[in-house]
> 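One structure follows; several queries about it will come next.
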Amino acid sequence: MPTERVVIVGAGIGGLAAAMHLATRGLAVTVTERAGAPGGKMRQVEVAGHRIDAGPTVLTLRNVFERLFADAGTSLDAHVTLRPLDILARHAWDADTRLDLYADRERSAEAIGALAGPAEARRFRAFCAHARRVWETLERPFVMAAEPSLPGLLGGVGAKGLARLPEIRPFSSLWRELGSYFHDPRLRQLFGRYATYCGSSPFDAPATLMLVVHVELEGVWTVEGGMHRLASAMAAQAQRAGAHLRYAAHVAEILFAGGRAAGVRLADGEELPADAVIVNADVAALATGRLGAAARRAVPSMAGVARSLSALTWCLHAPAEGFPLVRHNVFFSRDYRAEFDDILLHGRLPAEPTVYVCAQDRDDEPNPAGAAGERLLCLVNAPAVGDSRRFDATEIAACEARTFACLERCGLRLARSAERQVVTTPQDFAELFPATGGALYGRATHGWRASFARPGVRTRLPGLYLAGGSVHPGPGVPMVALSGRAAAAAALTDLTSTRP
């Protein structure tokens, strides 16, 4: 029997998950990646000789990766070392107001009670219970489904699930739902931040996204050696299973024959024939013709689709003083609605941003790194306009001043220097990830229809499949891995059904 050939475009987490799944089952897999290393958005930046994670920094749902490696005949623990965090994140509103969330819900409730009173602690417990029910209702019939659809969801939840569907609150905004739970505006702001995990605004995202809170409270892990180590481990396992990874290989066009995908053409003219092609890139790259005119018909037009958030980031190596940093830290702006209005309504950098700081040399305890400095990723949300306008040096410098002023207002002082930092703008992200404008999460999850509007793994053209954060079930490291596995399973099913 001939061996089916699959070309995977992009060695991000979705593409690597697909490669592991297919190569383990004996298919001839070639992964093409235009960068020089695997990982896609899970990338690293070198600053003053130190490698800093410059993409995803939070790992949840480790069971997704345990299953992926187990299906490949090995174990996750054999390839990477994961450590659970006790403190999920440290939050600050000013120099005197802080709140830690813990993997232990009761400790979180006690911390919330100390900050905002026992009634808010009780509401937090009720909110967590609601978020858990939302996750349990949607996990199998929607999150784990290869194709997002309302009929599929309704048919998959069963009689008991139908009674619980109203609890997912698809027609209410996350911000509004949070207001029904939390009376303290700081808690509403804190849990509203989870909408940004999908690149969305808490004022427009459906309350269904409260499930992200449950997922994170189920556990957050650090990866020894950095998040990029996970991508490297997946690439190595795919290669051990027989996949061929080609770096610095830019796909210019997807080829078709007889009405189905038949391979790819690289930018240097080389053609790689295939029986199936999986595209692990933003759907916008297909929709705008970046992968050939014929491939545009594979997905719906992106005209009028609201993009998710972009970011302005600083990768630093610098001494930090004055604030007891842990691994994940959030410093809140004083006007959350104005922050999102600046970004999404006016298309400008926020006048006062909320700042996320990942201290990559720390875990739960605030162990000072000393005068030599430590590795830090500082991130603020920004509009995804990198392909339509350039924020000039004056605008970037002004936002930088506001960003680090926010940190100082909360007590964190960083001894920064231009030689020990790398800045990445929405335009830089637009160049790294073509056709996105710098959007880091595909389309924004705004309104109840948005989750159903994300493409599934199958396209309109036979033999062409999708994976990645712009595809169902959406952004986030485990979700992207699920999309890659689902794309591989769909391709394998279809190839098997067409064998003579």
Side-chain angles (χ1 to χ4, degrees), residues 3-44 51 53 55-84 144 146 221-249 272 274 276-281 457 465-469 471 473 476-493 495:
T3 299
E4 288 91 352
R5 302 160 298 178
V6 179
V7 170
I8 299 172
V9 182
I13 294 301
L16 295 173
M20 287 175 63
H21 189 83
L22 293 172
T24 299
R25 285 151 181 79
L27 279 72
V29 177
T30 299
V31 183
T32 62
E33 169 56 54
R34 69 175 195 153
K41 292 186 177 73
M42 192 180 281
R43 62 194 188 98
Q44 289 186 321
R51 299 200 66 80
D53 281 335
T57 57
V58 176
L59 182 66
T60 58
L61 296 177
R62 65 170 288 165
N63 60 305
V64 169
F65 295 94
E66 288 173 337
R67 180 182 177 188
L68 190 65
F69 278 86
D71 285 350
T74 180
S75 70
L76 176 65
D77 290 339
H79 302 281
V80 294
T81 300
L82 303 184
R83 294 191 176 90
M144 300 298 178
W221 285 264
T222 63
V223 182
E224 186 177 285
M227 291 286 284
H228 193 264
R229 183 68 61 86
L230 177 61
S232 298
M234 292 173 68
Q237 181 57 38
Q239 288 176 306
R240 279 190 289 271
H244 182 36
L245 274 69
R246 295 185 55 173
Y247 300 113
L272 304 178
V277 176
I278 297 175
V279 177
N280 178 213
V457 297
Y465 306 86
L466 303 174
V471 175
V477 176
M479 300 301 177
V480 171
L482 287 173
S483 77
R485 192 177 186 280
L492 188 60
T493 297
L495 288 171

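Note that these values count all heavy atoms, side chains included, but never hydrogens, waters or copies made by symmetry. All values derive from a computational prediction rather than experimental measurement. Just so you know, residue 1 is the first one in the sequence shown, and it goes up from there.
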> Identify the two heavy atoms, one from F65 and one from V477, that lie closest to each other, and give their separation to 0.1 Å.
CZ-CG1, 3.4 Å
> Looking at every non-hydrogen atom in both residues, tell me the closest pair between A274 and V277 and how far apart they are.
CB-CG2, 4.3 Å
> Side chain to side chain donor-acceptor pair (under 3.5 Å) with T57: which residues, sequence neighbours excluded?
Y356
> Sequence neighbours excluded, which residues qualify as side chain to side chain donor-acceptor pair (under 3.5 Å) partners of R83?
E224
> Applying ring-ring contact (aromatic ring centres under 6.0 Å, His included), can you list everything that pairs with H228, at least two apart in sequence or on another chain?
none
> Please give me the minimum heavy-atom distance between G468 and N280, naming the atom from each residue.
CA-ND2, 3.4 Å
> Could you tell me the separation between the CE atom of M227 and the OG atom of S232, rounded to the nearest 0.5 Å?
12.0 Å
> Going by the rule salt bridge (Lys or Arg N to Asp or Glu O under 4.0 Å), which residues pair with R62 if we only count those two or more places apart in sequence or in a different chain?
E66, D77
> How close do Y247 and A35 get, counting heavy atoms only, and between which atoms?
CB-O, 3.4 Å
> Roughly how far, to the nearest 0.5 Å, is the CD1 atom of I8 from the OG1 atom of T32?
9.0 Å
> Working to the nearest 0.5 Å, report the span between CG of L76 and CH2 of W221.
10.5 Å
> What pairs of donor and acceptor atoms, side-chain ones from residues 9-29 against any protein atom, are under 3.5 angstrom apart with sequence neighbours left out?
unit_1: T24; atom_1: OG1; unit_2: M20; atom_2: O; d: 2.7
unit_1: R25; atom_1: NH1; unit_2: H21; atom_2: O; d: 2.8

> Quick one: OG on S483 to CD1 on I278, what's the gap to the nearest 0.5 Å?
9.5 Å
> Given the rule in the side-chain contact (heavy atoms from CB on, under 4.5 Å) test, do T74 and R240 qualify, once you have shown the distances and angles that lead to the verdict?
CA-CA 11 Å; T74 180; R240 279 190 289 271; over 6 Å; no
> Could you note down all residue pairs passing salt bridge (charged side-chain N to carboxylate O under 4.0 Å, His left out) where residues 5-24 supplies at least one of them, sequence neighbours left out?
R5-D275
> Are the side chains of L59 and L230 in contact, using a 4.5 Å heavy-atom criterion?
yes
> Name all residues meeting the side-chain contact (heavy atoms from CB on, under 4.5 Å) criterion together with R43; count only those two or more places apart in sequence or in a different chain, and write none if there are none.
V45, A54, T424, F429, L432
> Does D71 have any side chain to side chain donor-acceptor pair (under 3.5 Å) partners at least two apart in sequence or in another chain, and if so, which?
R485
> Determine whether L245 and E33 make a side-chain contact, defined as any pair of heavy atoms from C-beta on separated by less than 4.5 Å.
no
> Taking atom CE of M234 and atom CZ of R229, what is their separation to the nearest 0.5 Å?
15.0 Å
> Ignoring hydrogens, what is the shortest heavy-atom contact between G225 and Q44? Give both atom names and the distance.
O-NE2, 3.9 Å
> Mind checking what makes side-chain contact (heavy atoms from CB on, under 4.5 Å) contact with R246, not counting sequence neighbours?
T30, H244, A249, L266, E270, L272
